[in-house]
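Structure, as structure tokens:
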Amino acid sequence: MLTLIALAACRAPEERAARYAGMYEAALAGNDPWTARLAMQRALAADDSNPQYWAALGRVQLTLGDYAGAYAAFVRANELDRSNANVIQTLADLAALSGRVEDARRYANQVLLLLPSDPAPQATLGFVALHDRDFDTALKRAETVLASRPEDSNATILKARALASSGDPDASLKLLTAFTAAHPRDGAALDTMVTVARRFNRLPSLAAAREKLVALRPHDAAGRVAYAETLYALGQHDQARALTERLVRGGDYGDSLVDVLALWRRYEPRDWSVPTARALAAAATPRDRLRYAYFLMLTGAADAAESLVAPLAKPPVTAANASVLALLAQIRATQGRDSEAESLLNQVLAFDQSNVVALRARTDLYLRTGRGRQAVFDAQKLVAEKTRAPDDRVRLARAYRQAGQPQLAENALRGGLQDIPADPLLYGELRKYLVATGRSDELDELGQQFVEQQRLARLQW
């Protein structure tokens, strides 16, 4: 009897896991990968020793574009079963795509030991060649796989990347367009098409790929915002507005509200965007109200912005309200109330000397009022806090110039371009600096350096 009870107890988790696995299959059949992922996660919570469950989780993570999650799941599946060549090959592909070159080579060689005639490892080794910038070898390996597997996704992506990297983005996009037309649910191919089209500024191809990704991942708010941005850039204004407005009014925007408002500020007329934002802010959460307030401040509706922020910004400064008070100070500065703004910012930074919102606001206030020496200290802290923010490098350069330190201003811009290669803001600011200091003869050399940075940036995948 005790043995039967023990067996039943052991079997119960396996039965629960199997039921969830059945839900996973049903969800996939119903084109619901989000529910499928949840079902498989619950199956693994009940039985985490089944390599097939881990591989299934990895596959659905791939469908959802979560490549890091997919890699982790397949690693666990491989730990539990070292003989599954499909799992090892998937690990090889994911490692190659994410730049883990040595892991990719190791997994590919394991597959070759198990299946010496399998062409799939050839694609993996092609990605390794691509990483080494040996584009001819990468292209040859892709062609080898496609000769026997013309519909192979990884080999197609490899060929497309090799073509783009070797200077033929149009051939790359033609290949990807044809492939994704036949395989509209291949998220990896669509992501590659987005990357190529964006890097080489092929807006029609970018829009086509992002439209398919929206259909593939309808709950991805960032993807819908990216699609809207491309539509705006193409001049398809009405469609872009409808898409962003529907996203915001539906409340399904996650962390993308700031990005939508940035698009409205850039592309929409103020007489539409300001009243629309004010109406939406009235029913928004306190967190989103601050985002609307920032947008309104930037669009010149400072009084409307203050009415949203002031009720949430009551001194004294605390960890909860420090950034809110800093935003209120920014708003008051735009209203010409500089002394009130500075007093608030001083309070916030006395409480939290690394508060980025307050540092940016006080730096801008100092710059606008001609206090370059004071601006330098805040801008230096900003750059230390946000090393990849080009606008803060520009603030630092402007502060140095106002403080009478032109060489340090130039160093800030040149150093910024080294740390953030091919950034157009830093490049434009350095061009203006050279012109203003009578060194226009250096513009050609700077331009050549910037073009080379752009070229190298396109080779980074």
Side-chain angles (χ1 to χ4, degrees), residues 25 27-34 36-37 55-56 58-67 70 74 85-86 89-90 92-94 96-98 111 118-127 130 135 138-166 168-220 223-224 226-227 230-231 234 236 239 461:
E25 297 291 348
L28 282 186
N31 191 27
D32 186 358
W34 298 272
R37 175 169 61 182
R59 287 193 295 272
V60 76
Q61 297 282 46
L62 281 178
T63 299
L64 292 169
D66 182 359
Y67 301 118
F74 282 114
N86 289 331
Q89 182 58 54
T90 303
D93 294 334
L94 286 171
L97 287 168
S98 61
V111 176
D118 190 346
Q122 297 295 332
T124 304
L125 296 173
F127 281 112
L130 191 69
F135 305 131
L139 192 57
K140 288 176 183 177
R141 290 194 181 275
E143 296 286 13
T144 298
V145 178
L146 290 171
S148 59
R149 296 182 180 180
E151 301 300 309
D152 187 279
S153 175
N154 286 332
T156 301
I157 290 170
L158 171 61
K159 181 176 180 179
R161 287 176 53 173
L163 287 168
S165 297
S166 59
D168 197 350
D170 293 325
S172 173
L173 290 170
K174 182 179 179 181
L175 172 67
L176 290 167
T177 299
F179 183 81
T180 55
H183 305 86
R185 301 195 58 75
D186 192 317
L190 287 168
D191 288 335
T192 303
M193 188 171 170
V194 165
T195 300
V196 174
R198 187 177 66 242
R199 289 185 179 184
F200 291 92
N201 197 32
R202 302 301 197 267
L203 290 179
S205 295
L206 183 59
R210 282 178 165 164
E211 182 179 20
K212 289 180 179 177
L213 282 172
V214 166
L216 182 64
R217 303 166 187 165
H219 300 291
D220 180 3
R224 281 186 278 176
Y227 178 41
T230 308
L231 292 174
L234 280 168
Q236 298 178 26
Q239 189 177 351
W461 293 83

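Scored by the side-chain hydrogen bond (donor to acceptor under 3.5 Å, both in side chains) test, Asn154 finds Asp93 as partners (sequence neighbours excluded). Evaluation of the side-chain contact (heavy atoms from CB on, under 4.5 Å) rule for Ala215 yields no partner, not counting sequence neighbours. Residues passing the side-chain contact (heavy atoms from CB on, under 4.5 Å) test with Ala56, sequence neighbours excluded: Tyr24, Met40, Arg59. Listed by chain and number, the residues in a side-chain contact (heavy atoms from CB on, under 4.5 Å) with Asp186 are Ser153, Phe179, His183, Ala188, Ala189 (sequence neighbours excluded). Remark: Asn31 pairs with Arg185 by the side-chain hydrogen bond (donor to acceptor under 3.5 Å, both in side chains) rule, at least two apart or across chains. Listed by chain and residue number, Val111, Leu115, Ala120, Pro121, Arg149 satisfy the side-chain contact (heavy atoms from CB on, under 4.5 Å) test with Asp118 (two or more places apart in sequence, or in another chain).
Nearest approach of Pro33 to Thr63, heavy atoms of both residues: CB-CG2, 4.1 Å.
At a threshold of 4.5 Å between non-hydrogen side-chain atoms, the residues Leu206 and Leu234 do not count as touching. Between Leu213 and Asp220, the closest side-chain pair of non-hydrogen atoms is not below 4.5 Å. Counting heavy atoms from C-beta outward, Asn201 and Leu203 have side chains that approach closer than 4.5 Å. In this structure the side chain of Thr192 reaches within 4.5 angstrom of the side chain of Arg161, judged on heavy atoms. Residues Leu130 and Ser165 are in side-chain contact: their nearest non-hydrogen atoms beyond the backbone lie under 4.5 Å apart. Under the 4.5 Å side-chain criterion, counting only non-hydrogen atoms from C-beta, Gln89 is not in contact with Phe74. Side-chain contact check for Arg217 versus Leu64: every heavy-atom pair is 4.5 Å or farther apart. The side-chain heavy atoms of Arg202 and Asp170, taken from C-beta on, include a pair separated by under 4.5 Å.
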Dump the intermediate steps for side-chain contact (heavy atoms from CB on, under 4.5 Å) on Leu231 and Arg210, then the final yes or no. CA-CA 10 Å; Leu231 292 174; Arg210 282 178 165 164; over 6 Å; no
Checking Asp191 against Ile157 for the side-chain contact (heavy atoms from CB on, under 4.5 Å) test, could you report, in this order, the C-alpha distance in whole Å, the side-chain angles of both residues, the deciding distance, and whether it holds? CA-CA 10 Å; Asp191 288 335; Ile157 290 170; over 6 Å; no
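To the nearest 0.5 Å, the span separating CG on Leu125 from CZ on Arg141 amounts to 5.0 Å. Atoms CE and OG1, on Met193 and Thr180 in that order, are 5.0 Å from each other to the nearest 0.5 Å.
Under a 3.5 Å cut-off, the side chain of Ser172 and the backbone N or O of Asp168 do not form any donor-acceptor pair.
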